[in-house]
Amino acid sequence: MMSLSAARSFLSEAAYYGEQELDANSALMELDKGLRSCKLGEQCEAVVLFPKLFQKYPFPILINSAFLKLADIFRLGNNFLRLCVLKVTQLSEKHLEKILNVDEFVKRVFSVIHSNDPVARAITLRMLGSLASIIPERKNAHHSIRQSLDSHDNVEVEAAIFAAASFSSHSKDFAAGICNKISEMIQGLDTPVELKLKLIPMLQHMHHDASQASCSRELLQELASSYPSTPMLIVTLHTFTQLATSSLVDIPEQIRLLLQYLKEDPRKAVKRLAVQDLKLLAKKAPHLWTRKNIQVLCECALSTPYNSLKLGMLSVLSTLSRTIAIKQYVCPNTAPRHTDLVKLAQECCYHSNLAVAAHGITVLTSITVSCPQKEVIQLEQETVMGMESLILLCSQDDSKTAQATLKTVLTSLVKMLKSCPHLSQSSVVLLLAQLHCACDSARVLMCQALAAIATQQPVLAEGMLGDLLDLFRVASHRTSEKQQELLVSLATVLFVASQASLSAEVKTVIRQQLENVANGWTVYCIARQASRMGCHDFSRELYQSLRTRVASEHFYFWLNSLMEFSQAEQCLSGLSDGDYSAAMSAISEALKSYQKGIASLTAASTPLSPLTFQCEFVKLRIDTLQALSQLICTCNSLKTSPPPAIATTIALSSGSERPSCGRISTQMKLAMDEFRSLAARYADLYQSSFDADYATLRNVELQQQSCLLVSYVIEALIIDPLNISFAEFGTHGSVLAESEYELRMMAVFNHVLEEVETLSRKHPPVSYLHTGCLCDAVIAILKVPLSFQRYFFQKLQSTSIKLALSPSPRTPNEPIPVQNNQQLTLKVEGVVQHGSCPGLFRKIQAVCLKVSSTLQTKPASDFKIPLDSKTNEIEQKVEPHNDYFSTQFLLNFSILGTHMVSVEASVVDTSGIEWKTGPKITVSVKSLEDPYSQQLRHQLQQQQQTGPQPGPQRNILPRQ
C-alpha cells in the first residue's frame, strides 16, 4: 500500500506545486509497482489512478507506456481487472490517439477474444468498441463483432451491439457491411423484441453516404408501420431523428413526420417523444423550419389538454423564437397579432403553470422585438402586462420553479427594453415598488435586472436612492441564505444609480450595514463592484478595511494594491476644466499611488497565479498617465518657449510649415508617437487576453481608442492639420454602448472630435487655443472614472497550452548537436488545458506555431558562410483534436555556431481571430561541421601553411 499512497500523494502534489518540478516517469513507476502487486485490491487501485496520471501528464510517451501496461493487465488479469481497465479506457477516450504502438496494444487486448469465458469476450468487445476511434478499419475486430452478434449469450450479444455501434460511427466499410446483417436481425422472427429495441439505434450511424442513409430510412419507415407498439415506435422515431440530424438532407421530412405523429397519434408517450425530437431539430437546424411547420405546432399546442405536452411544445417554440425561424414566421404581409403563435403566447402568459407562462413570455418578447414597427405598440403593451403579472406572482414565492420563471421573465424584460427603451422608466418603477414585498431570492434577481436596465439606459434617478437605501437597511436585518448576495446586488444598484458619485449619506448607510452583518467576502464583492462602477473613493475604504482580515500574505498585497489603485483613480476624480496645473498635480499624486500599487501587485503574484493581465494593464495605465502629463507640459511650453520671429521665414525656405511652430512641433511629434506606441501595447494586451470576458476586452479597446484619439488630435491640430480627415473617427456615435463607462467615454470622444473640428476650421495652427483644446481633451478623458472590469478580479474561463519539443536536450543548458550539412526535424507536440468552464467566451479552432532561430555565436573566421544558408522563420497552423496537436518543422543550420530556436504558440478562435496566448519555448542548437568537410578544410590549411613542394630533381651526369 505504500507505493499506491506515494502515487496518490505524487499526483496530488503535481496539482499544487506545478508539474515542472515532478517527473512523470516517477509517477508511472509508482503505479507500476501497484500493478505488479500480488493483491487484487492494490492492482485495482493502481488501475483507477491512471486517468489522473493522464490528466497531469497528457503527452504521448507516457500515455503509450501506460496503456501498454494496462493492456498487459487486461490480458493476464481476471474479469474484474478487465472491467477496471475498460472503465479507464472509456474515461480516457481523448487520450487514445496518443498511443504510439497501436498494433501491440490491440494485439494484447485482442488475445482475450478467444477466451472460453463469454464474460471475458463481452468485456473485450466493449474494449474494442471503446478503441474504435483509433482502429476503425481492423478487419479482425470487424469479424469478431460479426461472430459475436450470433452468440447465444445475451451479455456477449449486447457487448457486440455496443461495439458494432461504435465501429459503425467511425468506419464507412464496417457500416456498409453490417447494415444488411442488422436489417436481417431486426426483421427476423426469431429475434426477441428486447434485442430488436437494442439493434434499431445502430441504424443512426448509417449515414456515411446517401444510399446507405436512404436504405436505413426505408427500413425505419417499414419498422414504424410494421411494429406500431409504443416502445418500438419510440425507439424507431428517435433513431429516425438521429439519422436525419447526421445526414442533414432529411431534416425537413423528419420535421413533417414528427409533427404528423404529434398531431394524429393519441398516445401521450409518442407525443412526448415527438416533442423532444422536435426540440432537438429546432436547435440543430432552425433555418429549415417553414412557416407551415410552426403553424402546425401552434395548432397542436392550442388543442392539447395536457400541460406537460403544452410545456414541451412551447419549449420548442421558445427555442425557435430566438432564431431566424421567427422572422420567417412573422412576415411583413401578415399582422402578427392575428397569428396563432401570438394567440398561443398571449394565452400562455397567464397560464396556471409557471413554466408554461415563462415560455409564453419568451415567445411573445421575441415576436415583439422581431415584428415590424407599425404592429409593435399593441404587442408591447400586452407583453409588458404579461411580464408584470408574472413578476407580481413570482416575486413573493421562493420556490425553485417560481424563481426560475422570474429569472426567465426578467431576462426577457431586459432584452425587450434594449430594443424598446421608452418602456424602461415604467418597468423600473414597477421593479422598485415590488422590491419592498418580494422575498430575498427574488430581490437578488430583480436587483440584477435593475442594474442591467440602468446600465443600458440612465433610468435610475436620484429620487429613487431613498427607496434603495431603505431596502438596504431592511436587508441587513433579515437573516436568510440570500442575505449576503442581496447586499451585493443592492449595493450594485446603488452604485449604478449614483453614477460614480456616491453621496456621504449613501456611503454612511452602506458602511454601517456592512460593519453589522456582512462577512469579508461580501465586503470584497461590494468593493469589486464599486471599482467596476467607478466609485473609487468608497472602494478604497472597503479594501483598506479588508487588508488585515485575510490569512495570506499574497491576499494582503493584492488588497493593498487594489486600495492604492482606487486611491490613484480618486486623485483624478476632482479635475476641473481649464485648471491645468491642478491636473498636473493630480496626475502626479495618482502616479505615486499607482507605483505603490504595482509594487504590491507584483508581490501578490504567485507561480500558480502570476497576475499577468493585471500587471500589464496597470503598467499601461501608468505609462498613459505619464504621457498625458508630458503632453500638458508640452502644451505649456508654448508659453515659455514660443516660436521665434523668423520661424515663418525658416518654414518657407525649407518648404514645410512645421518649423513655423517652433520647438513645440518636435515635442508634439514625439508625444504623438508615444500615444501610438501605447495604443499598440493596448492592442497587444487585447490579443493576449483570450480568456477575458467581452466587457473587459471592450474596456481595453476603449483605452486603446483614447490613446489613438489623443494622437489623432495632436496630428489634426498641430502636426498636419491640412491633410487630416475627420471621417475616420466619425463612427463612434453609431456604436451601441453596453455599459455606463462606455457611454461616458463615447460621449467624451465625440465631444473632443467636435471641438477639434470646429477649432481647425476657424484658426490656423499653432495658437494657445490649440494647446488649450489639447489640454481640455486630456482632462475630459481623465474625468471619466476608470472601470476595473471582471477579468481584473476573476477569470471565468481558463485556457492554457503546454508544449513539448523533441529532440530535447539531456540537461536544460545543453545544446542539441546537429551537423551543418543536415537538417534538424523538430517535432512540436502540445496539449490544450482548460479550466472549469471551457469555451465560455470563445473556443480554440486552430493553434498557430511560429518557429524562428537566431545565431548566438559567430562562426570561426576561416569558415565561409554558404550562400544558400537561410534563416529559419516558419509558421504553421494545426487543428487540435481532443485537445492534442502535433506537427514537425524542418530547420536548416548550415552556419556553424550556437543557434537559439524559439517556438511560440498562438490560438485562432472560431471567428478566425488570432490571440497571442503563448507559451514561448526556446532551445539551444549547436551546429557542428561535418567530419568530411572538416578533414578537407584541415588538409587545405596544411597545404597553405607548408607551401608548394619542389618537384623531383633529375641527375645530369656528364657523358663519359
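More than 12 non-hydrogen atoms from other residues, nucleotides or ligands lie less than 6.0 angstrom from CZ of F613. Counted within 6.0 Å of CD on E553, heavy atoms from surrounding residues, nucleotides or ligands total 12 or fewer; the atom is thus considered open. Annotation for R547: atom CZ counts as buried by contact number, over 12 foreign heavy atoms lying within 6.0 Å.
To the nearest 0.5 angstrom, Q614 atom CD is 9.0 Å from F565 atom CZ. In this structure, OG in S489 is found 4.5 Å from CD in Q448, a value given to the nearest 0.5 Å. One distance of note links CZ of F495 with OG of S531; it measures 9.0 Å at 0.5 Å rounding. For the atom pair E674 CD and L628 CG, the distance stands at 10.0 Å (nearest 0.5 Å).
Checked against a 6.0 Å centroid threshold, the rings of Y524 and W521 count as neighbours.
Using modelled atom types, no side-chain atom of H770 and backbone atom of I714 make a donor-acceptor pair closer than 3.5 Å. With hydrogens and angles ignored, the 3.5 Å screen pairs no side-chain donor or acceptor of S539 with any backbone N or O of A530. Judged by distance alone, the side chain of S911 and the main-chain N or O of I913 form no donor-acceptor pair under 3.5 Å. With T696 contributing its side chain and Y791 its backbone, the two residues share a donor-acceptor pair below 3.5 Å. Using modelled atom types, one side-chain atom of R842 and one backbone atom of F690 make a donor-acceptor pair closer than 3.5 Å. With hydrogens and angles ignored, the 3.5 Å screen pairs a side-chain donor or acceptor of Q484 with a backbone N or O of N519. In this structure, S609 contributes its side chain and S605 its backbone to no donor-acceptor pair below 3.5 Å. A donor-acceptor distance shorter than 3.5 angstrom exists from the side chain of S706 to the backbone of Q703, with no hydrogens or angles considered. Using a distance-only test at 3.5 Å, with no hydrogens or angles considered, no donor-acceptor pair links the side chain of D909 to the main chain of I844.
Heavy atoms only, all atoms of each residue included: A683 and Q704 are closest at CB-NE2, 3.7 Å. Counting all heavy atoms, side chain and backbone alike, L678 lies closest to C707 at CB-SG, 3.9 Å. Taking each heavy atom of L559 and Y543 in turn, the nearest pair found is O-CB, 4.0 Å. Across all their heavy atoms, V496 and T455 have their closest contact at CG1-N, 4.3 Å.
Every residue two or more places apart in sequence or in another chain was checked for a side-chain hydrogen bond (donor to acceptor under 3.5 Å, both in side chains) with T602, and none qualifies.
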Point to revise | E914/K850 under salt bridge (charged side-chain N to carboxylate O under 4.0 Å, His left out): CA gap, chis, key distance, verdict | key: CA-CA 13 Å; E914 185 174 347; K850 298 176 183 177; 3.6 Å; yes
**Study point:** side chain to side chain contact (heavy atoms under 4.5 Å, CB included) assessment of V908 paired with W915
**Key:** CA-CA 6 Å; V908 179; W915 301 81; over 6 Å; no
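Side chains of F557 and H554 form no contact here, defined as non-hydrogen atoms less than 4.5 Å apart. In this structure, Q630 and Q626 have side chains that are not in contact, with every pair of non-hydrogen atoms separated by 4.5 Å or more. Looking only at side-chain heavy atoms (C-beta outward), L697 and F841 stay at 4.5 Å or farther from each other.
The pair D673-K669 meets the salt-bridge criterion, with a side-chain N (NZ, NE, NH1 or NH2) lying under 4.0 Å from an Asp/Glu carboxylate O. Taking 4.0 Å as the cut-off between side-chain N and carboxylate O, D537 and K507 count as a salt-bridged pair. The pair R621-E616 does not meet the salt-bridge criterion, since no charged nitrogen lies less than 4.0 angstrom from a carboxylate oxygen.
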Return all side-chain donor-acceptor pairs below 3.5 angstrom for residues 583-596, not counting sequence neighbours, or 'none' if the list is empty.
unit_1 : atom_1 : unit_2 : atom_2 : d
S585   : OG     : S581   : O      : 3.1
Y594   : OH     : E569   : OE2    : 2.4

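A donor atom on one side chain and an acceptor atom on the other are found under 3.5 Å apart for S573 and Q570.
Ring geometry for F617 against F788 counts as perpendicular: the plane angle is over 60°, on a 0 to 90° scale with 30° as the lower cut.
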